[in-house]
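Encoded as structure tokens, the structure appears first; notes follow it.
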Amino acid sequence: MDVAIFSSTRYEREFLDQANESAHHRLKYLDVSLNRDTVGEAAGFGAACIFVNDKADAAVLEALKSGGTGLLALRCTGFNNVDLEAAARLGLKVVRVVTYSPNSVAEHAVALLLAINRKVHRAYNRTRDSNFSLDGLTGFDLCGKTVAVVGTGKIGCVFAKIMLGFGCNVIGYDPYPSREFEAMGLRYAQPGEIGEKADVISLHCPLTPATHHIINADTLQRAKRGALLINTSRGALIDTGAVIEALKSGQLGGLAIDVYEQEADLFFRDLSNEIIPDDIIQRLISFPNVIVTGHQAYLTREALTTICETTIASITAFEHNDPLVNEVKAG
Ligand code: NAD
């Protein structure tokens, strides 16, 4: 099948080519992301393959359908960037990668937590400049501290397990309690408990209308003073303006994010020679107690292998009219 791969990166192509070795799909790698201006690139391709910041809204899906595309294959888990109702109306199938190494994302969340707590980013810069002073680098022991895991699904559970290993008191928040979480002997937070007790809050829930800006001025004001916030999930879980105010007042002790609400205009590109017009990300990066990584939490060899193998298998299943085990539907 002819497949237009939007937002393709050099490091991913190797894994996609490997997964496609026996499937023999004709893959066309495109640097551009999918949107209303670029959707014409998919005309005549049976499948379009997209990533987290491609925009598959109703207009884009209509253009895909009229160009002869029947399958939209997401090389990611989250599908908040696809209008699933429009896809169903148009008879366009949508598949995603339901699961791929939750360890990759959970371990990156831990890396961010350790770095922001122990100021590894600042120490790294200092010692490269032969500055071995320790002023301002004091962190806290994670052992014995309370860590709130918001979203106790696959990634949240792995993160919770690692935090247990550090000797933390782990509490969960999830409208749909998970047996795996409770089987670790963990419990869900009482109302108000996260704000009262959590020294660390780590976000692992999907972006939905219910979770949009789940961290806002009100939740931040109710948080424990000096708490650390980690977000490896989706940028719009956080009201970034409110977080900046909380960092300025010291209410929030530190922020480490792998995702950002306006990341579609920035991430996955080298903008080091450009003036960035986004004042919010510039303000965030200017704080000493903020670490930003560019949506790399998933970026391990194991995760890339599974993502690419699952995506190619879904395309093959679609081509052969086989059941789409990774199909995602509206509702
Ligand atoms: P999952 O579906 O296994 O778990 C998500 C959990 O969130 C579920 O238990 C669900 O009940 C819970 N949830 C739903 N609504 C909630 C709410 N209002 N409050 C709290 N919890 C709520 O998903 P997963 O595989 O663990 O992935 C979690 C998220 O991680 C994805 O949705 C995606 O946004 C993000 N992600 C990021 C990267 C990255 O590279 N940064 C990679 C993969 C996934």
Side-chain angles (χ1 to χ4, degrees), residues 7 9 11-12 50-54 74-82 84 96-113 147-163 170-184 186 188-189 191 193-195 198 201-216 219 229-238 255-261 263-264 266-268 291-308 310-311 326 328-329 331:
S7 304
T9 54
Y11 52 81
E12 226 183 355
I50 65 169
F51 196 45
V52 287
N53 290 327
D54 295 286
L74 279 72
R75 311 194 293 288
C76 54
T77 306
F79 48 85
N80 50 286
N81 52 339
V82 181
L84 291 177
R96 64 175 179 139
V97 183
V98 176
T99 184
Y100 63 85
S101 178
N103 305 305
S104 64
V105 182
E107 288 173 15
H108 191 75
V110 176
L112 288 176
L113 169 56
V147 174
V149 182
V150 177
T152 56
K154 293 179 285 297
I155 296 170
C157 278
V158 176
F159 179 80
K161 189 175 175 190
I162 300 172
M163 289 295 98
V170 178
I171 51 175
Y173 174 75
D174 196 315
Y176 310 98
S178 125
R179 258 194 243 138
E180 191 186 346
F181 187 77
E182 288 172 330
M184 287 187 271
L186 298 174
Y188 285 92
E193 192 181 2
I194 291 183
I201 300 171
S202 192
L203 306 181
H204 300 288
C205 55
L207 176 61
T208 64
T211 59
H212 182 262
H213 287 186
I214 197 170
I215 301 293
N216 53 45
T219 44
L229 176 63
I230 315 295
N231 187 10
T232 53
S233 213
R234 282 293 180 266
L237 295 178
I238 290 182
L255 172 75
I257 54 174
D258 184 53
V259 285
Y260 167 58
E261 193 163 6
E263 69 178 53
L266 302 168
F267 284 10
F268 310 118
I291 294 179
V292 178
T293 54
H295 210 133
Q296 70 172 74
Y298 74 101
L299 202 65
T300 66
R301 282 190 294 279
E302 292 78 1
L304 283 170
T305 301
T306 310
I307 289 170
C308 295
T310 307
T311 302
N326 289 307
V328 47
K329 291 182 181 168

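Remember, it's 1-based here, ligands and their atoms both numbered in the order they're listed.
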field: Enumerated ligand 1 atoms positioned under 4.0 Å from heavy atoms of T211
entry: 16 (C), 17 (C), 18 (N)
message: Does atom OH (Y11) have a neighbourhood of more than 12 heavy atoms from anything else shown, all under 6.0 Å?
response: yes
task: Would you mind listing which atoms of ligand 1 come within a distance below 4.0 Å of any non-hydrogen atom of A297?
output: 39 (C), 40 (O), 41 (N)
message: Below 4.0 Å from ligand 1: does a non-hydrogen atom of S233 turn up there or not?
response: yes
- prompt: At a 4.0 Å cut-off, with the gap strictly under it, does some heavy atom of S178 reach an atom of ligand 1?
  reply: no
- prompt: From Y188 OH over to T152 OG1, what is the distance, rounded to the nearest 0.5 angstrom?
  reply: 2.5 Å
- request: For atom 26 (O) of ligand 1, state which one of V98, I155, V149 supplies the nearest heavy atom.
  value: I155
task: Classify the ring geometry between H295 and F51 as parallel (under 30°), tilted (30 to 60°) or perpendicular (over 60°).
output: tilted
field: Side-chain heavy-atom pair T306, T99 within 4.5 angstrom cut-off
entry: no
query: Looking at Y176, which atoms of ligand 1 are within less than 4.0 Å of one of its heavy atoms?
result: 11 (O)
query: Out of curiosity, Y260 OH to L266 CG, how far, rounded to the nearest 0.5 Å?
result: 6.5 Å
task: May I ask you to list the atoms of ligand 1 that are less than 4.0 angstrom from any heavy atom of D258?
output: 39 (C), 40 (O), 41 (N)
- prompt: Considering only protein heavy atoms, which is closest to atom 4 (O) of ligand 1, and at what distance to one decimal place?
  reply: G153 CA, 3.2 Å
task: Provide, to 0.1 Å, the distance between atom 14 (C) of ligand 1 and the closest protein heavy atom, together with that atom's residue and name.
output: P206 CD, 3.7 Å
- prompt: For ligand 1, which atoms sit closer than 4.0 Å to a heavy atom of Y100?
  reply: 42 (C), 43 (C)
query: Atom CG of L112 and atom CD1 of I230: how far apart are they, to the nearest 0.5 Å?
result: 6.0 Å
message: Under a 4.0 angstrom heavy-atom cut-off, which atoms of ligand 1 come close to H295?
response: 39 (C), 40 (O), 41 (N)
- request: Measure the spacing between CZ of R234 and CG of N80 and express it to the nearest 0.5 Å.
  value: 5.0 Å
- request: Please tell me if the side chains of N81 and N53 come closer than 4.5 Å, counting only heavy atoms from C-beta onward.
  value: no
task: Could you tell me which atoms of ligand 1, counted from 1 in the order shown, lie closer than 4.0 angstrom to a heavy atom of Y298?
output: 40 (O)
query: Any side-chain heavy-atom pair from I238 and L255 closer than 4.5 angstrom?
result: yes
field: L207 side chain reached by H212 side chain, heavy atoms, under 4.5 Å
entry: yes
- prompt: Which is it for T152 and ligand 1 at heavy atoms under 4.0 Å: side chain, backbone, both or neither?
  reply: backbone
task: May I ask you to check if ligand 1 and T232 share an N or O to N or O distance below 3.5 Å?
output: yes
message: Looking at ligand 1, is there an atom of it that comes within less than 4.0 Å of some heavy atom belonging to G78?
response: no
field: Identity of the nearest option to atom 5 (C) of ligand 1, non-hydrogen atoms only, from H108, R234, H204
entry: H204
field: Between CD1 on residue I307 and CD on residue E302, distance to nearest 0.5 Å
entry: 11.5 Å
message: Under 4.0 Å from a heavy atom of D174: which atoms of ligand 1 are those, numbered in the order shown and with their elements?
response: 6 (C), 7 (O), 8 (C), 9 (O), 10 (C), 11 (O), 12 (C), 13 (N), 20 (C), 21 (N), 22 (C)
query: Do ligand 1 and K154 have nitrogen or oxygen atoms that lie under 3.5 Å from each other?
result: yes
query: Going from CE on M163 to CG on L186, what distance comes out if it is rounded to the nearest 0.5 angstrom?
result: 12.0 Å
task: May I ask you to identify the nearest protein heavy atom to atom 16 (C) of ligand 1, giving residue, atom name and distance to one decimal place in Å?
output: P175 CD, 3.5 Å
- prompt: Is the closest N or O pair between V259 and ligand 1 shorter than 3.5 Å?
  reply: no
